[in-house]
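Numbering of residues begins at 1 and proceeds along the displayed sequence. Any value given below was found using the heavy atoms of this structure, including those in side chains, with hydrogens, waters and symmetry copies removed.
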Amino acid sequence: MALSKSKREVEEEASNNNNLGTAGEPNRNTNMPHLTDYLQLENLKTYTNPLDQNRFFHPSHGFYVSPSDVILRQIVYDLSSACGAFSDSDPRVHVAYHRAGPRKQIFFEPKNTRAAIVTCGGLCPGLNTVIRELVVGLWELYGVRQILGIQAGYRGFYSTTRNPLVLNPKMVRGWHKLGGTVLETSRGGFDLHQIVDAIQTNAFNQVYIIGGDGTMRGAVEIFDEIQRRKINVGVVGIPKTVDNDVGIIDRSFGFQTAVEMAQQAISAAHVEAESAVNGIGLVKLMGRSTGHIALHATLSSRDVDCCLIPEMEFYLEGKGGLVEFLDNRLKENGHAVLVVAEGAGQNMIPRTAAQTEERDESGNLVFLDVGSWLKTELKKWWARDHPGELFTVKYIDPTYMIRAVPANATDNLYCTLLAHSAIHGVMAGYTGFVSGPINGNYAYIPLEDVAQATNAVNTKDHKWAWVRTVTNQPDFVKS
């Protein structure tokens, strides 16, 4: 049933959206984009949420999320500093995001909704689960019947050789058991005007974009162009990065599966090292700019003697260096396990002029193999300082094995919640946002905020101290 939303009703809702704090508590709420921000009200209609009539649900009081329901970004405060005046820059000012979930009224009529789903960038456990749950959620929760998968990433929108794939629950039923992405993916291929032209030509009015930080930056541009053209299209990003380097949200999907799979590589390296005379097991894990996988895998394994991540510098030779530490560990235990994130030590590896400028299709600097470099440097050290003595380095790089596996049970559940949260938000008229958990509660976050945020490991917090307690490694700070 279509309902006309009056200008006054929209203004009242907007007022609620912009006053998210409770009495006596200062707030700095996020400006959550909505279709009503740039489209004429007379051209928009609202509809009763079909969940009212859905046989799987029995909506009661509190089932639907209100515009004033929010999630606080920060939930830990020092009450001893709670007195005095608050300023806009004061960290005590609450930053709040709209709570995710179904709304009483929706802005898209299901029978006229055409949804597009695209996966971009590298592989990550859980991609197929997100696609599956978007399809099933749109179909079963809201009755949407026109759902199309864009093949081969952003370039698939305007490709003349790859038509959109028609999706339905029967087709995607077993996709969550598969690694990779059935829709296929690619890096690069971002042509803003061709993409938005294709969205208009294909009459898509909902676009679900799954990808990493580069993909999210592209999604911001798509959203901005759609606003400029004043098109009735909802855009939502679902951040995918196995490195867990997306900021604001608690974690990205696939991360827990990656940590679990990394355990197998570390265990194999430990067996190899322990079975050799003066053996070192060297494992390179994913993490271009952040070392979350290496950190969590180290804490989970307890077999790791040293963990190297991009957020910390280290050095090889001299007092307190890596070589001295490994030398002592080999004397004590006869073996050692070294875990390194791919982005660690990049400034220490010699590069040619061409390698300094080399970029991948996403525009990222091409990293050199820190694992191979470390293996070479360790062998040089041993040959120099321990000539004639037995020594071996077993190097394991499980990157593509980890990326390609299906999501584990925890990530599968997480992917479902991400997908359904995204659907509820778009149907409610929100656009240019990301769905994700903040402090365990699902929220809607402006795309631009997520595209600009980072999630670096804090090497001064308790978790990194825990790593050093487990490994007994040096802090690599030269005195």
I'd like to know whether Y208 forms a side chain to side chain donor-acceptor pair (under 3.5 Å) with Q206, so could you lay out the CA-CA distance, the side-chain angles of the two residues, the decisive distance to 0.1 Å, and finally the verdict. CA-CA 7 Å; Y208 297 85; Q206 293 185 5; 2.7 Å; yes

[X] vs [Y] side-chain heavy atoms within contact, under 4.5 Å:
X: T431; Y: V426; result: no
X: V130; Y: I117; result: no
X: V259; Y: S300; result: yes
X: Y158; Y: D191; result: yes
X: F204; Y: V233; result: no
X: N278; Y: W382; result: yes
X: F157; Y: I199; result: yes
X: P239; Y: F253; result: no

Between atom CG of L308 and atom CG of L338, what is the distance when rounded to the nearest 0.5 Å? 5.0 Å

Identify the residue among Y430, Y444, F223, F433 that makes a ring pair (Phe, Tyr, Trp, His ring centres under 6.0 Å) with H34. Y430

Which is it for Q346 and R351 under the side chain to side chain donor-acceptor pair (under 3.5 Å) test, yes or no, and what are the steps along the way? CA-CA 9 Å; Q346 287 295 317; R351 287 175 178 267; 3.0 Å; yes

Under 3.5 Å, is there a donor-acceptor pair linking the side chains of [X] and [Y]?
X: S435; Y: S421; answer: no
X: N408; Y: E260; answer: yes
X: N232; Y: Y38; answer: no

Are any of the side-chain nitrogens in R229 or E225 under 4.0 Å away from the carboxylate oxygens of its partner? yes

Is any side-chain N of the basic residue among R288 and D243 closer than 4.0 Å to the acidic one's carboxylate O? no

If you draw a 6.0 Å radius around CD in E313, do more than 12 non-hydrogen atoms from other residues or ligands fall strictly inside? no

Between H292 and F255, how do the two ring planes meet: parallel, tilted or perpendicular, split at 30° and 60°? perpendicular

Just by modelled atom types, is the [Y] backbone N or O under 3.5 Å from a matching donor or acceptor in the [X] side chain?
X: T185; Y: A152; value: no
X: R468; Y: Q473; value: yes
X: K240; Y: G122; value: yes
X: T119; Y: I210; value: no

Can you tell me which residue pairs pass the side-chain hydrogen bond (donor to acceptor under 3.5 Å, both in side chains) test with a partner in residues 325-337, sequence neighbours excluded? D305-R329, D327-H386

Closest non-hydrogen atom pair between L285 and P398, with its separation: CD2-CG, 3.9 Å

Of all heavy-atom pairs linking I293 and V242, the shortest is CD1-O, 3.2 Å

Distance under 6.0 Å and angle within 45° of ring axis: R217 vs F190: no

Less than 6.0 angstrom from the centroid, inside 45 degrees of the normal: does R99 satisfy that with respect to the ring of Y442? no

